Amino acid sequence: MINNKAIIFDLDGVIVDTAKYHFIAWQEVARQLGINFTKKDNELLKGVSRIQSLEIILKLGKKSLSQSQKDRILEAKNQQYLALISQMNEDEMLPGIKELLWDLKQKNIPFALGSASKNARRILEALNITDWFTAIVDGNDVSKAKPDPEVFLIAAKRLGMQPKNCIVVEDAQAGILAAKRAGMKAIGIGQAENLQQADVVLPDTKYLNVDIFDKL
Ligand code: BG6
Ligand code: MG
């Protein structure tokens, strides 16, 4: 039986598939800037903060903007993203996640959120699972984005757990690096070649279960 361990979940790409909505909103930004932005390019934005995402798109298009132009674009992008996720409900949770979180709750295994998103609380509310988390750490709580370990170290602190007893579930390379730098175990969701530093890689959230956490 799993003992003295806690789980820290990333949000986007682990609990819910929001990448498709971020993509629509970033594609609109790119279109307005005359930059070609593909689904493959969108992979570069996974786990990356909002401002860094814009910087990556500008770099792809070899464009530079003033800070006030960037601020205006970030605000417009977020408004479009919020409109896209406004109808989100628990049906959009990734396969097996709701059952897994419920199982963890029943087994008294504490879990936290460790997300780069400043919209994380709003999304958890829409999914109706806010109260299930012992701690929530999001993009509003950190000064350094993943791959910096800050978000996960704050989560461990709020969980009252040692980093070595925390297991992070992440879909992004930056997030796996952040977990390892925090001295935690990391489970990658996705393709192994993108998540090389992970302790375990699973192709889909549906394969996550308490036994996997127990063995780590
Ligand atoms: C991460 C996503 O979880 O949050 C990124 O993987 C996103 O794609 C980042 O850019 C910031 O999200 P938000 O909601 O604050 O714009
Ligand atoms: Mg993610």
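Predicted model, so just to flag it, every value in this text is computed and none were measured. In listed order, ligands and their atoms are each counted from 1.
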shortest atom 9 (C) of ligand 1-to-protein heavy-atom contact is with Val48 O, 3.2 Å
Practice task
Could you give me the CA-CA distance, side-chain angles and deciding distance for Asp141 and Arg158, then say whether side-chain contact (heavy atoms from CB on, under 4.5 Å) is met?
Solution key: CA-CA 12 Å; Asp141 299 304; Arg158 292 194 190 162; 3.7 Å; yes
- [ ] Just say parallel, tilted or perpendicular for the rings of Phe9 and Phe111, cut-offs at 30° and 60°.
- [x] perpendicular
Nearest non-hydrogen contact to atom 2 (C) of ligand 1 from the set Leu11, Asp171, Asp12, Ile15 belongs to Asp12
| Does Phe213 have Lys215 sitting over its ring (NZ/CZ under 6.0 Å from centre, angle to axis within 45°)? | no
Looking only at distances, can you tell me whether any N or O atom of Arg50, backbone or side chain, sits closer than 3.5 Å to an N or O atom of ligand 1? yes
re atom 8 (O) of ligand 1, the protein heavy-atom contact at minimum distance is Leu45 O, 3.1 Å
Practice item. Using a strict 4.0 Å threshold on nitrogen-to-oxygen distance, state whether Lys20 and Asp12 make a salt bridge. Key: no
Worksheet entry | Carboxylate-amine/guanidinium proximity below 4.0 Å for Glu55 and Lys70 | yes
Short version for Ser117: what comes under 4.0 Å of ligand 1, heavy atoms counted, is both
- Query: Quick check: does Lys46 get an N/O under 3.5 Å from an N/O on ligand 1?
  - Reply: no
- prompt: Can you tell me if CD on Glu193 sees more than 12 non-hydrogen neighbours from other groups inside 6.0 Å?
  reply: yes
Ligand 1 to Lys118 polar contact by distance, N or O atoms, under 3.5 Å: yes
Test item: Gln197 side-chain N/O and Leu177 main-chain N/O as donor-acceptor pair under 3.5 Å:
no
Protein-side N, O or S atoms sitting under 2.8 Å from the Mg ion (ligand 2) are Asp10 OD2, Asp12 O, Asp171 OD1
Applying ring pair (Phe, Tyr, Trp, His ring centres under 6.0 Å) to Phe37 and not counting sequence neighbours gives Phe23
*asked:* Between Asp41 and Thr38, do the side chains contain a donor N or O and an acceptor N or O under 3.5 Å apart?
replied: yes
| Does Val151 share a hydrophobic cluster with Met161, counting links as ILVMFWY side-chain heavy atoms below 4.5 Å and allowing steps through other members? | yes
Contact region, Thr18 to ligand 1, non-hydrogen atoms below 4.0 Å, reads neither
Do any heavy atoms of Gly47 fall under 4.0 Å from ligand 1? yes
Checklist line | Other residues, nucleotides, ligands: >12 heavy atoms within 6.0 Å of Lys185 NZ | finding: no
- Message: With a 4.0 Å cut-off on heavy atoms, is Ser53 in contact with ligand 1?
- Response: yes
